[in-house]
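Okay, structure first, notes after.
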Amino acid sequence: MANTLTGHPFDTLKVRLQTEGTKGRFGGPVDCLKQTLRQEGVRGLYKGVTPPLIGMGIINSCMFGTMNIIKDIVHPDHTTPMTLPEIVLSGSITGWIVSLVVAPVDQVKARLQVQYALPPGVKPQYSGPIDCMRQLIRNNGLIKGMYKGWTSTVIQRTSVGAYFGGFELA
């Protein structure tokens, strides 16, 4: 929870800069921060924080539970310790599986993060996370709506192998 609350403002700036491209509304990270604070206040930095706040508990539970199952599959012999490559492989496979939970959380979070301040009386596209999910699924179907960008999430989640491998080395 603390990790999400402290890191989310940086993630919001990153997502906004990524979605705007090189010729977007911001001149860089500092300009993005200044404009966000000026137009939306500190709350603007926390747009989309609800999905990861709720989702991280679920994601971490899935990650550690899945890791135990995958470790048993990769190294069924409990009489010998797992090697570091086996742990890294187990962690990577775990990351791929957990991406099934991570991708929808990231999809909703990112959509909410790029809802910029609007003039008074103009409603945002999404009223919150549940409305965002409903619209994405209604307009695109479950798979295309909630899993757009899933391949990138799978690639990024391969790093879970390094996470568990590093933990083992510590």
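Keep in mind the model is a prediction, meaning the values are calculated, not measured. Heads up: numbering here begins at 1 and tracks the sequence.
The two atoms that bring Met146 and Ile137 nearest to each other are CG-CG1, 3.8 Å, heavy atoms only. Scanning both residues, Leu112 and Gly48, for their nearest heavy atoms gives CB-CA, 3.6 Å. The two residues Pro104 and Ser99 come nearest to each other via the heavy atoms CD-O, 4.4 Å.
Ile69 is linked by a side-chain contact (heavy atoms from CB on, under 4.5 Å) to Ile73, counting only residues two or more places apart in sequence or in another chain. Evaluation of the salt bridge (charged side-chain N to carboxylate O under 4.0 Å, His left out) rule for Lys14 yields Asp11 as partners, not counting sequence neighbours.
Checking side-chain atoms of Thr66 against main-chain N and O of Met63 turns up no donor-acceptor pair under 3.5 Å. Counting only distance, with no hydrogens or angles, the side chain of Gln107 and the backbone of Lys148 share a donor-acceptor pair below 3.5 Å. A donor-acceptor pair is defined here as one N or O able to donate and one able to accept, closer than 3.5 Å; such a pair exists between the side chain of Tyr46 and the backbone of Leu5. With Tyr147 contributing its side chain and Leu142 its backbone, the two residues share no donor-acceptor pair below 3.5 Å. A donor-acceptor pair under 3.5 Å is formed between the side chain of Gln35 and the backbone N or O of Arg25. A donor-acceptor distance shorter than 3.5 angstrom exists from the side chain of Gln115 to the backbone of Tyr126, with no hydrogens or angles considered. Looking only at distances, no side-chain donor or acceptor of Thr158 sits under 3.5 Å from a matching main-chain atom of Ser92.
Residue pairs meeting the ring pair (Phe, Tyr, Trp, His ring centres under 6.0 Å) criterion with at least one member in residues 71-97, sequence neighbours excluded, do not occur.
One finds the OG1 atom of Thr12 at 11.0 Å from the CG atom of Leu33 (value rounded to the nearest 0.5 Å). Remark: Arg43 CZ to Leu37 CG distance equals 14.0 Å, nearest 0.5 Å. Here the CE atom belonging to Met1 is positioned 5.5 Å from the CG atom belonging to Leu53, to the nearest 0.5 angstrom. Atoms CD and OG1, on Glu86 and Thr80 in that order, are 7.0 Å from each other to the nearest 0.5 Å.
Ring geometry for Phe64 versus Tyr163: interplanar angle over 60°, hence perpendicular rather than tilted (30 to 60°).
Put simply, the side chain of Ile54 does not reach to within 4.5 Å of the side chain of Val105, judged on heavy atoms.
Note on Lys71 versus Glu168: no salt bridge recorded, every NZ/NE/NH1/NH2 to OD/OE distance being 4.0 Å or above.
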